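Read the structure below first, then the notes.
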Amino acid sequence: MKPLAFELLVLCSVLAATSPSRAAEFYRWTDQNGVVHFTDNLHNIPEKQRPGAKRIRGKETPREPETAKPAAPSKVSVPFEKNGSIVIVDARVNGKASAKLIVDTGASYTMISSAMARELGIEADPGRRTVPFHTANGIIQAPLADLESVAVGGVEVKNLTAAIHDALPNTRVAGLLGLNFLSNFRMDIDTEKGLLHLEKK
């Protein structure tokens, strides 16, 4: 006959293979040679040994509670770069691309460069709707694209429309943060501390 330690090892192996969220049921039976077996299926036991099989109910393992995702902040203070009267902040577009954007309350739409659009996998489409933009060289027609999200300092606006154009001479800057983003927040620019305060309306 097999030692008890072997029986326990077999039982542990069977327990480990079952779903942790439900109480498992097993059968303990001894064959004609006196060897002890464990199974979770009664049909695995030969008919002659079934009357002597003992039912074992495993302990139920409670599910671990799901970790709640932290709530998105409703108010943030974001450090910014200043270039003359221009305020530049770090943003995250579509949750994957980092971009430096100029805070521009005079722009109706957020704008991204052609390079940023390519990085996001947004392809040029001649049939896209356009919007007029005032630039140093006059009025241009910029195509529009729908972004999944734009986030600054942890606050996020989803399903945001953005214009695509290379209107900015500074290649470090990937575009403008326009009113269709900024109007979702109460905004304050603290020039002394170099902070942009955004609070969701």
Side-chain angles (χ1 to χ4, degrees), residues 21 63-201:
S21 60
R63 294 189 182 198
E64 293 184 8
E66 292 184 6
T67 306
K69 291 182 179 179
S74 60
K75 186 177 181 180
V76 294
S77 296
V78 184
F80 63 77
E81 298 176 34
K82 205 160 183 298
N83 187 351
S85 59
I86 294 175
V87 170
I88 304 169
V89 294
D90 290 319
R92 195 155 186 80
V93 184
N94 288 2
K96 58 185 178 182
S98 297
K100 289 188 179 294
L101 301 178
I102 294 173
V103 177
D104 189 348
T105 56
S108 299
Y109 287 92
T110 294
M111 178 189 281
I112 60 171
S113 65
S114 300
M116 174 60 63
R118 286 193 297 272
E119 186 177 344
L120 296 171
I122 300 172
E123 296 179 7
D125 182 356
R128 284 185 185 276
R129 64 194 192 279
T130 62
V131 65
F133 260 88
H134 292 272
T135 70
N137 298 320
I139 299 175
I140 54 100
Q141 291 291 328
L144 296 176
D146 295 321
L147 303 178
E148 293 172 17
S149 64
V150 174
V152 176
V155 293
E156 182 181 57
V157 175
K158 294 186 176 181
N159 303 319
L160 194 73
T161 300
I164 303 172
H165 200 272
D166 298 320
L168 304 172
N170 189 341
T171 54
R172 287 183 59 250
V173 177
L176 305 175
L177 200 59
L179 276 179
N180 64 337
F181 178 91
L182 298 170
S183 62
N184 293 277
F185 306 93
R186 296 181 186 86
M187 184 183 75
D188 180 62
I189 297 175
D190 187 337
T191 52
E192 286 188 9
K193 295 182 179 178
L195 293 173
L196 171 68
H197 303 292
L198 295 174
E199 182 178 4
K200 277 196 174 180
K201 290 182 179 178

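Excluded from the calculations below are hydrogen atoms, water molecules and symmetry mates; all remaining heavy atoms, backbone and side chain alike, are included. This is a predicted model, so every value here is computed, not measured.
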Heavy-atom closest contact ([X] atom, [Y] atom, distance):
| X | Y | answer |
| --- | --- | --- |
| Ser98 | Met116 | O-CE, 3.6 Å |
| Gly95 | Ser149 | N-OG, 3.7 Å |
| Ile164 | Ala145 | CD1-CB, 3.7 Å |
| Val89 | Pro79 | CG1-O, 4.4 Å |
| Ala174 | Leu101 | C-CD2, 3.9 Å |
| Val93 | Ala99 | CG2-CB, 4.3 Å |

Task: SB check Asp146 Arg129 (cutoff 4.0 Å) - done: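 Result for this pair is yes, salt bridge flagged.
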
When rounded to the nearest 0.5 angstrom, what is the spacing between [atom1] in [X] and [atom2] in [Y]?
| X | Y | atom1 | atom2 | value |
| --- | --- | --- | --- | --- |
| Thr191 | Phe80 | OG1 | CZ | 6.5 Å |
| Asn159 | Glu148 | CG | CD | 8.5 Å |
| Ser108 | Leu176 | OG | CG | 11.0 Å |
| Leu182 | Asp104 | CG | CG | 8.5 Å |
| Ser114 | His165 | OG | NE2 | 7.5 Å |
| Ile112 | Asp166 | CD1 | CG | 10.0 Å |

Task: Side-chain heavy atoms of Val155 within contact of Asn184, under 4.5 Å - done: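 A side-chain contact is absent here, since even the closest heavy-atom pair is not under 4.5 Å.
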
TODO: Report yes if the side chains of Lys158 and Glu156 come closer than 4.5 Å at any heavy-atom pair, otherwise no.
DONE: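 In contact.
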
Open item on the list: Is there a side-chain contact (heavy atoms from CB on, under 4.5 Å) between Val76 and Val152? Walk through the geometry before answering.
Closed with: CA-CA 9 Å; Val76 294; Val152 176; 5.9 Å; no

Counting distance only, does the side-chain N/O of [X] pair as donor-acceptor with the main-chain N or O of [Y] below 3.5 Å?
| X | Y | value |
| --- | --- | --- |
| Thr110 | Leu177 | no |
| Asn94 | Leu147 | no |
| Asn180 | Thr161 | yes |

Task: Residue pair Val103, Met187: steps toward the side-chain contact (heavy atoms from CB on, under 4.5 Å) verdict - done: CA-CA 11 Å; Val103 177; Met187 184 183 75; 4.1 Å; yes

- [ ] Return yes when atom NZ of Lys75 has more than 12 non-hydrogen atoms of other residues, nucleotides or ligands closer than 6.0 Å, and no otherwise.
- [x]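 12 or below, so no.
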
Open item on the list: Is it the case that over 12 heavy atoms from other parts of the model lie below 6.0 angstrom from the OH atom of Tyr109?
Closed with: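 No, because the 6.0 Å sphere around OH of Tyr109 holds 12 heavy atoms or fewer from other groups.
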
Open item on the list: Enumerate the ring-ring contact (aromatic ring centres under 6.0 Å, His included) contacts for residues 168-189, please, sequence neighbours excluded, ordered by first and then second residue.
Closed with: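 Residue pairs with at least one partner in residues 168-189: Phe181-Phe185.
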
Task: Working for side-chain contact (heavy atoms from CB on, under 4.5 Å), residues Lys100 and Asp90 - done: CA-CA 5 Å; Lys100 289 188 179 294; Asp90 290 319; 2.9 Å; yes

